[in-house]
Amino acid sequence: MSIRTRFAPSPTGFLHIGGARTALFSYAFAKKHAGEFVLRIEDTDVERSTPEAVQAILDGMAWLGLTHDEGPFYQMQRLASYKKVINSMLENGTAYYCYSSREELDALREAQMAAKQKPRYDGKWRPEVGKTLPAIPVDITPVIRFKNPLRGVVAWDDLVKGRIEIANAELDDLIIARADGTPTYNFCVVVDDFEMGITHVIRGDDHVNNTPRQINLLTALNATIPQYAHLSMILGDDGQKLSKRHGAVSVMQYHEDGYLPEAVLNYLARLGWSHGDAEIFNLQQFCEWFDLNHITPSAAQFNTDKLKWLNNHYIKLADLSVLAKDIVTRLANSGVNVTDQPNLQDAIALYRDRANTLNELAASIAYFYQLPVIDDAAKEKHVTHEVTSALNDLTDLLAKTDWTAEAIHAAINQIVTANTLKFPKLAMPLRVMLTGGAQSPSIDAVMAILGQTETLKRLKALLN
RNA sequence: GUCCCCAUCGUCUAGAGGCCUAGGACACCUCCCUUUCACGGAGGCGACCGGGGUUCGAAUCCCCGUGGGGACGCCA
């Protein structure tokens with residue numbers, strides 16, 4: 001039988017980093033086994049689901065390149081299927097109507113909490129042989145509950161966490177359909193996983209506690225139980241639970257912040273999974289290597305520094321034309337208009353080694369297309385009186401120099417020698433005057449790209 | 001409160017009883033390269049939560065603590 005996995009987000013917000021990793025692992029597991037990866041949108045919470053969130057999830061998946069083989073399926077479009085199953089359960093007695101009001105249930109929960117007990121439904125409307133049910137109240141629309149087994153244990157061999165057993169006594173009769181008739185999460189998941197032929201459920205470990213309920217439901221439906229793999233959660237950089245207050249949580253935020261999808265993918269793959277000492281690999285390689293037994297069962301803390309390191313690696317490897325296209329947009333967004341000259345790809349090639357993000361890269365080469373803001377402290381330190389005459393001489397010489405890095409280098413050397421200076425004595429002020437600051441790649445390479453006219457213009461403007 | 005899960009350098013991890021003097025990566029520090037800053041190269045610092053077992057032998061297996069996390073909705 002072919003392996004089938006699924007990613008089943010609820011469209012109540014953007015695709016966050018934890019969800020992206022879950023999707024990645026589900027995707028990779030399916031690919032590894034030449035199976036199918038299904039995308040399912042769990043939108044039964046009509047109050048909180050939005051079309052914008054659906055789009056955000058789709059966008060995030062697309063950016064990462066995690067394409068699904070089937071779907072997206074929308075649960076709200078599968079209501080008929082759920083209804084059918086619920087009716088059959090009502091008929092065969094594995095589900096029943098419950099007329100307890102919300103107020104009643106709230107009071108019950110409070111009382112149980114106060115008595116230091118695990119809050120759970122008391123089974124008031126649960127039919128049993130020889131039990132007389134209360135009179136049906138006229139003013140209450142009932143919900144439908146699953147008749148969960150009272151005794152015994154539910155157990156499964158979790159592919160990440162090992163064997164987990166939970167006593168049925170810990171479970172209660174969960175609501176599978178609301179008063180308005182819409183089915184609830186645990187029920188839809190079960191019907192969908194069954195009807196969509198999902199063989200491996202790979203999801204966040206906040207679902208561990210839902211698993212026994214789902215297994216009981218599946219059993220009641222005479223369905224085969226899929227294999228479960230529960231992934232531990234991802235913690236923020238500070239070790240705290242990921243939340244909106246913890247910076248970039250949306251995957252698309254990483255795009256905006258200048259991260260390459262291959263870097264994010266590579267980083268996420270190594271968060272909670274390993275393949276010996278391998279640190280750098282692409283999506284295809286990951287899919288070939290991926291296995292569930294090398295997943296760490298413990299929570300992993302996000303580390304932006306390592307992501308940046310990977311991002312720098314992929315920036316160094318990227319195709320220059322691809323980077324150029326991206327950088328044009330980023331520069332435009334910060335009001336910098338990229339012109340034909342200086343050559344953008346040359347500028348990028350010169351700076352990519354030192355950029356951790358595309359935003360840094362864009363910022364670092366902006367001075368090629370607009371006058372830089374001069375760092376006053378750097379100017380004061382390097383553009384000193386003792387070198388101004390040498391700099392003027394150099395400017396004159398440069399006006400007659402062939403515009404190649406080699407020739408420029410030779411010209412600087414000539415003035416350096418004539419004035420018995422050291423190379424940096426001239427390189428530093430040139431840096432400040434041309435780029436605005438004291439740090440840059442080789443100054444001759446910078447000048448070669450900046451162009452003769454612009455170089456002379458900037459020097460003269462600051463030297464007179 | 002009840003149930004469930006987790007526990008190796010600061011962080012991500014290797015490790016399936018002897019290969020461990022606990023390996024790699026990020027970060028940090030030092031040196032080299034050098035035209036400044038990066039990149040790159042070479043080193044360095046740095047961990048098995050505690051206590052009991054089991055075993056000839058335990059980071060690895062078991063138990064108990066401790067610490068962290070999750071779940072307990074007509075949310076997903």
Side-chain angles (χ1 to χ4, degrees), chain A residues 8-12 42-45 47-49 75 98 100-102 105-106 109 112-120 141-145 158 160-162 164-167 169-172 174-186 188-189 203-212 230 232-233 235 237 239 241 267 270-280 293-294 296-310 312 316 351-356 364 378 382 409 412 416 422-428 430-432 437-445:
Chain A
S10 62
T12 53
E42 312 218 320
D43 54 357
T44 53
D45 184 350
E47 302 280 298
R48 298 195 302 154
S49 298
Q75 290 186 323
C98 165
S100 295
S101 67
R102 285 173 197 261
L105 260 15
D106 288 346
R109 190 172 306 125
Q112 286 166 330
M113 291 286 258
K116 298 190 188 301
Q117 285 170 341
K118 187 169 181 165
R120 42 146 69 93
T141 320
V143 297
I144 299 170
R145 286 184 187 271
D158 195 276
V160 171
K161 295 182 187 288
I164 298 178
E165 295 186 10
I166 290 169
E170 293 296 328
L171 275 22
D172 63 357
L174 71 150
I175 292 173
I176 58 176
R178 303 177 177 92
D180 68 5
T182 54
T184 59
Y185 168 74
N186 278 108
C188 296
V189 165
R203 60 183 9 168
D205 73 358
D206 46 336
H207 288 295
V208 166
N209 294 275
N210 287 324
T211 307
H230 286 100
S232 60
M233 57 186 301
L235 273 21
D237 253 325
K241 187 182 174 180
Y267 180 73
R270 277 291 284 107
L271 206 55
W273 177 84
S274 62
H275 183 77
D277 288 342
E279 293 287 351
I280 293 176
N293 15 333
H294 283 88
T296 318
S298 53
Q301 194 170 314
F302 197 89
N303 185 234
T304 306
D305 281 337
K306 189 161 182 182
L307 206 212
K308 281 184 180 167
W309 170 74
L310 277 168
N312 170 254
K316 286 189 284 189
Y351 271 90
R352 75 207 299 200
D353 282 2
R354 60 195 66 214
N356 282 331
S364 69
H382 298 291
H409 188 85
I412 299 173
V416 160
K422 299 264 192 197
F423 196 94
K425 255 323 196 199
L426 286 191
M428 293 310 289
L430 288 172
R431 275 198 177 89
V432 175
Q439 285 115 46
S440 86
S442 294
I443 194 60
D444 41 43

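In what follows, every chain begins at residue 1, and chains take the letters A, B, ... in the order their sequences are listed. For clarity, every value in this text was computed on a predicted model and none was experimentally measured.
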To the nearest Å, give me how far apart [atom1] ([X]) and [atom2] ([N]) are.
| X | N | atom1 | atom2 | value |
| --- | --- | --- | --- | --- |
| A/Q117 | B/U2 | CD | P | 11 Å |
| A/I144 | B/G73 | CD1 | C1' | 17 Å |
| A/I280 | B/G24 | CD1 | C1' | 12 Å |
| A/Q75 | B/A76 | CD | P | 8 Å |
| A/M428 | B/U35 | CE | P | 13 Å |
| A/L174 | B/A71 | CG | P | 17 Å |
| A/Q439 | B/U34 | CD | C1' | 14 Å |
| A/R48 | B/C74 | CZ | P | 13 Å |

Toward the 5' end of RNA chain B, by each residue's nearest nucleotide, A/I443 or A/L307 |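 Here A/L307 is the residue nearer the 5' end.
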Mapping A/A115 and A/D172 to their closest nucleotides on RNA chain B, which lands nearer the 5' end?
->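 Closer to the 5' end of RNA chain B: A/A115.
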Would you mind classifying the nucleic acid contact of [X] as base, sugar-phosphate or nothing, using non-hydrogen atoms under 4.0 angstrom?
| X | result |
| --- | --- |
| A/N312 | nothing |
| A/P9 | nothing |
| A/R120 | nothing |
| A/P119 | base |
| A/E42 | sugar-phosphate |
| A/T44 | sugar-phosphate |
| A/H230 | nothing |

Taking any strand in view, what nucleotide pairs with [N] in a Watson-Crick or G-U wobble way, both distances under 3.5 Å?
| N | value |
| --- | --- |
| B/A42 | B/U30 |
| B/A14 | none |
| B/U2 | B/A71 |
| B/C20 | none |
| B/C49 | B/G65 |

Nearest-angstrom distance, [atom1] atom, [N] to [M]:
| N | M | atom1 | value |
| --- | --- | --- | --- |
| B/C64 | B/C56 | P | 24 Å |
| B/G51 | B/G70 | C1' | 27 Å |
| B/A47 | B/A42 | P | 24 Å |
| B/A25 | B/G40 | P | 12 Å |
| B/C20 | B/U11 | P | 25 Å |
| B/G10 | B/A16 | P | 23 Å |
| B/C12 | B/C48 | P | 16 Å |
| B/G23 | B/C61 | C1' | 23 Å |

Taking it one step at a time, do A/N186 and A/I176 satisfy side chain to side chain contact (heavy atoms under 4.5 Å, CB included)?
-> CA-CA 7 Å; A/N186 278 108; A/I176 58 176; over 6 Å; no
Minimum heavy-atom separation for [X] and [Y], please, with both atom names.
| X | Y | value |
| --- | --- | --- |
| A/A179 | A/V143 | N-CG1, 3.6 Å |
| A/I166 | A/P212 | CD1-CG, 3.7 Å |
| A/R270 | A/A278 | NE-O, 3.3 Å |
| A/R145 | A/C98 | NE-SG, 3.3 Å |

Side-chain donor-acceptor contact under 3.5 Å, A/H409 with A/S442 |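 No.
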Kindly point out which of B/A76, B/U35, B/C74 is positioned nearest to the side chain of A/F423?
->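 Between B/A76, B/U35, B/C74, the one nearest the side chain of A/F423 would be B/U35.
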Could you please name the option among B/G1, B/U35, B/C39 that lies closest to any side-chain atom of A/D353?
->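 The nucleotide sitting nearest to the side chain is B/C39.
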Using a cut-off of strictly less than 4.0 Å, decide whether [X] has a side-chain nitrogen or oxygen near OP1 or OP2 of [N].
| X | N | answer |
| --- | --- | --- |
| A/K316 | B/A38 | no |
| A/T184 | B/G73 | no |
| A/R109 | B/G73 | yes |

Given A/K161, A/H207, A/R203, the one that forms side-chain hydrogen bond (donor to acceptor under 3.5 Å, both in side chains) with A/H230 |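 Filter result, single survivor: A/R203.
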Assess whether one donor atom and one acceptor atom, taken from the side chain of A/H382 and the base of B/U36, lie less than 3.5 Å apart.
->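 Result: no qualifying N/O pair found.
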Side chain to side chain donor-acceptor pair (under 3.5 Å) between A/S232 and A/D205, intermediate numbers included | CA-CA 5 Å; A/S232 60; A/D205 73 358; 5.3 Å; no
Please list, chain by chain and in numerical order, all residues satisfying ring-ring contact (aromatic ring centres under 6.0 Å, His included) with A/Y267, sequence neighbours excluded.
->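 A/Y267 satisfies ring-ring contact (aromatic ring centres under 6.0 Å, His included) with A/F302 once adjacent residues are dropped.
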Using a cut-off of 4.0 Å between protein heavy atoms and nucleotide atoms, how would you tag nucleotides 3-21 of chain B 5' to 3' with B, S and -?
-> SSSSS---SBSSS------
Verdict with reasoning, A/K425 to A/H382, per side chain to side chain contact (heavy atoms under 4.5 Å, CB included) | CA-CA 8 Å; A/K425 255 323 196 199; A/H382 298 291; over 6 Å; no
